[in-house]
Amino acid sequence: MSTPPPRVRFAPSPTGYLHVGGARTALFNWLYARAHGGTFVLRIEDTDAARNTPAAQAAIVDGLRWLGIDWDEGPEQNGPHAPYYQSQRGPIYDAYFQKLVDADHTYTEPNGAVRFRSPKKTIVLHDQICGDINIDRSEEPDMTIRRPDGSYIFHFVNVVDDIEMAISHVIRGEDHIYNTGKHIELFQAFGATPPVYAHIPLILNPDGSKMSKRDQGAALSYYIDHAFLPQAVANYLCLLGWSPKDDREILTMEEIQPLFRWENIGHSNAKFDLEKCRWLNAQYLAKLDAPSFDHLAIAWLLAQPTPLPGTDDPRLREVLPLIQPKIKAIPELAEHLPMLFDGAAPIADDARAKLAAQPALAPRLATLLSYLENLSDWSAASIQAAVAAAAAALAIKPGALLFPLRVLTTGQAHGVDLLPALEWLGRTEALPRLHARAAALTATST
RNA sequence: GACCCUUUCGUCUAACGGUUAGGACACGACCCUUUCACGGUUGUAAUACGGGUUCGAUUCCCGUAGGGGUCGCCA
């Protein structure tokens with residue numbers, strides 16, 4: 001026997017931002033739809049007029065698109081069940097509401113609010129992830145489904161739309177598990193078959209607390225603004241609560257789709273680890289072709305409120321390939337660019353401290369500089385040869401001169417490949433800064 | 001507080017009765033190397049606790065503890 005292809009939905013309310021937990025829920029729904037040849041619906045639950053703004057909706061639409069999630073029905077992609085904004089579906093809700101009234105499933109409070117008369121029975125939820133859960137509704141107060149002003153409550157519109165849009169599977173956060181009891185009552189009151197439910201565990205802060213808007217990395221916009229690669233973020237989000245059941249971690253959405261099964265979804269909440277997300281980002285960043293990296297980097301640079309050194313410099317494009325393999329995320333340009341473009345940048349304390357341990361620093365630097373001065377061809381290979389020659393003259397290993405040379409070049413103990421960086425800098429730019437920092441070092445190190 | 005879910009290295013997870021409990025991030029060491037990195041190798045590190053069931057429990061059952069969720073005229 002064959003079952004019809006599933007219809008799933010992501011139904012966010014526009015609160016002004018898209019939470020990573022919400023983004024992952026959207027991703028899981030989308031993955032499920034794509035894995036089974038189903039339909040993914042985006043429905044905006046904007047019944048709360050006060051919070052509903054165009055900017056808030058844009059955060060959702062843009063965020064999902066950025067992640068690589070496309071919807072078959074929804075805003076800007078109208079389908080047979082349009083409109084996909086709850087704020088525009090009033091007549092539908094009125095009609096469904098009347099059904100409930102006619103069947104005597106409701107009663108009105110003195111102030112005008114309307115409640116649904118609960119059967120007060122135990123609902124058994126057959127959850128695809130959590131298993132069978134008994135939800136005792138006998139002691140619960142009747143839920144309100146319509147406010148005195150005539151607007152409808154979440155539970156009501158959510159169920160009505162799931163019926164109207166023929167949603168077959170509801171994949172949502174575990175925080176909704178208790179709502180499901182209410183929702184099933186409503187489905188039954190309408191004579192509709194409830195969808196298949198799958199409640200996924202939540203994403204928590206590193207300290208185990210609930211992620212809220214202001215926590216770093218909680219909003220998807222954080223990753224967009226920090227120029228993360230969407231494939232990396234989507235990949236990371238999937239790793240939270242889902243596993244391919246083997247040792248792979250770097251997977252494309254196409255690879256994940258066939259492995260997206262209920263058995264592969266975890267049962268316990270996961271703490272968000274920004275470090276691992278950055279590591280994953282670095283993996284994707286390293287594989288990026290040069291034009292794409294340039295584009296990403298430059299777009300980020302131009303978006304900075306205070307321009308970073310080198311932003312407008314024509315030599316920027318030449319140095320970007322040196323930086324690409326060194327960073328985990330684009331904002332680390334803020335560390336690399338100043339040391340590369342600013343010859344007067346002061347010498348970092350850790351670099352100075354490491355140098356202080358070197359014997360006979362001043363004479364070594366003098367020898368090294370004299371060899372570099374005499375270089376006619378300022379290429380990485382020539383510079384390397386000059387360093388080797390200086391080292392030979394000093395009877396030390398070339399390696400002993402390279403770290404000091406790095407510090408003279410950038411003022412930092414860490415950075416991009418030194419020799420290519422020196423070549424990129426050019427003789428006329430490099431030599432003065434080498435001399436200046438050598439003077440600064442030897443003046444204070446004695 | 002009541003109810004529900006959950007519990008393997010610090011973190012994400014694998015192992016669906018028998019493994020030296022595996023991988024990854026982070027951290028340390030070593031190797032590679034011309035510096036910084038990458039990479040390679042490797043180390044530290046876990047089955048919350050207590051009972052059962054079983055020849056044998058990370059795995060099944062019960063209890064305890066911890067964590068999370070829900071208890072709205074928010075969604």
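Quick note on labels: first sequence line is chain A, next is B, and so on, each numbered from 1. Quantities reported herein were computed from a predicted structural model and do not represent experimental measurements.
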Syn/anti state for B:C62 [syn: chi within 90° of 0]: anti

Not counting sequence neighbours, list each pair that qualifies as a ring-ring contact (aromatic ring centres under 6.0 Å, His included) and has a residue in residues 329-387 of chain A. A:Phe341-A:Trp424

Report the base-pairing partner of [N] (Watson-Crick or G-U wobble, both distances below 3.5 angstrom), or none.
N: B:G72; value: none
N: B:U58; value: none
N: B:A65; value: B:U7
N: B:A29; value: B:U41

Is any side-chain N of the basic residue among [X] and [Y] closer than 4.0 Å to the acidic one's carboxylate O?
X: A:Lys120; Y: A:Asp142; answer: yes
X: A:Glu429; Y: A:Arg433; answer: yes
X: A:Asp417; Y: A:Lys326; answer: yes

Measure [atom1]/[X] against [atom2]/[N] and give the value in whole Å, please.
X: A:Ile250; N: B:C25; atom1: CD1; atom2: C1'; answer: 11 Å
X: A:Lys245; N: B:U8; atom1: NZ; atom2: P; answer: 13 Å
X: A:Phe403; N: B:A37; atom1: CZ; atom2: C1'; answer: 13 Å
X: A:Leu239; N: B:A14; atom1: CG; atom2: P; answer: 10 Å
X: A:Ile327; N: B:A37; atom1: CD1; atom2: P; answer: 16 Å
X: A:Ile200; N: B:C12; atom1: CD1; atom2: P; answer: 16 Å
X: A:Asp273; N: B:G10; atom1: CG; atom2: C1'; answer: 10 Å
X: A:Ile265; N: B:U13; atom1: CD1; atom2: C1'; answer: 15 Å

Taking atom [atom1] in both [N] and [M], compute the distance separating them and give it to the nearest angstrom.
N: B:A45; M: B:A24; atom1: C1'; answer: 14 Å
N: B:U64; M: B:C27; atom1: P; answer: 41 Å
N: B:G1; M: B:U13; atom1: P; answer: 28 Å
N: B:G51; M: B:U59; atom1: P; answer: 14 Å
N: B:G68; M: B:A48; atom1: C1'; answer: 16 Å
N: B:U70; M: B:C55; atom1: C1'; answer: 44 Å
N: B:U47; M: B:U33; atom1: C1'; answer: 41 Å
N: B:U58; M: B:G22; atom1: C1'; answer: 13 Å

Can you pull every protein N or O that's under 3.5 Å from an N or O on nucleotides 28-34 of chain B?
{"from": "B:U34", "atom 1": "O4", "to": "A:Gln384", "atom 2": "OE1", "distance (Å)": "3.1"}

Audit row: A:His183, A:His155, ring pair (Phe, Tyr, Trp, His ring centres under 6.0 Å) steps and yes/no: CA-CA 6 Å; A:His183 295 181; A:His155 305 295; 5.2 Å; yes

By the 4.0 Å heavy-atom rule, please label [X] as base, sugar-phosphate, or nothing.
X: A:Ala391; result: nothing
X: A:Lys326; result: base
X: A:Leu405; result: nothing
X: A:Gly241; result: sugar-phosphate

Give every pair of a protein N or O atom and an N or O atom of nucleotides 21-24 of chain B that lie under 3.5 Å apart, one pair per line with the distance.
{"from": "B:G23", "atom 1": "N2", "to": "A:Glu249", "atom 2": "OE2", "distance (Å)": "3.4"}
{"from": "B:A24", "atom 1": "O4'", "to": "A:Glu249", "atom 2": "OE1", "distance (Å)": "3.2"}
{"from": "B:A24", "atom 1": "O2'", "to": "A:Glu249", "atom 2": "OE1", "distance (Å)": "2.3"}
{"from": "B:A24", "atom 1": "O2'", "to": "A:Lys276", "atom 2": "NZ", "distance (Å)": "3.0"}
{"from": "B:A24", "atom 1": "N3", "to": "A:Lys276", "atom 2": "NZ", "distance (Å)": "3.0"}

Comparing A:Val416 and A:Phe272 on RNA chain B - which has the more 5′ nearest nucleotide: A:Phe272

Aromatic centroids of A:Phe228 and A:Trp300 separated by under 6.0 Å: no

Aromatic ring centroids of A:His126 and A:Tyr197 under 6.0 Å? no

On the nucleotide B:C36, are OP1 or OP2 found under 4.0 Å from the side-chain N or O atoms that A:Lys354 carries? yes

Give me each pair satisfying side-chain hydrogen bond (donor to acceptor under 3.5 Å, both in side chains) with a member in residues 380-400 of chain A, each pair once, sequence neighbours excluded. A:Asp377-A:Ser382, A:Ser379-A:Ser382

Kindly state each residue pair satisfying side-chain hydrogen bond (donor to acceptor under 3.5 Å, both in side chains) with at least one member in residues 232-245 of chain A, sequence neighbours excluded. A:Asn235-A:Tyr284

Measure from NZ or CZ of A:Arg24 to the centre of the six-membered ring of A:Phe28, then state whether that distance is under 6.0 Å and the direction lies within 45° of the axis. yes

Would you say [Y] and [X] are linked by a side-chain donor-acceptor pair, where the criterion is simply a distance under 3.5 Å?
X: A:Asn111; Y: A:Arg147; value: no
X: A:Gln86; Y: A:Tyr152; value: no
X: A:Thr122; Y: A:Asn134; value: no

Base, backbone or nothing for each nucleotide of nucleotides 67-75 of chain B, written B, S, -, heavy atoms under 4.0 angstrom, 5' to 3'? -SBS--BSB

Does any N or O in the side chain of A:Asn29 come within less than 3.5 Å of the main-chain N or O of A:Thr25, such that one atom is a donor and the other an acceptor? yes

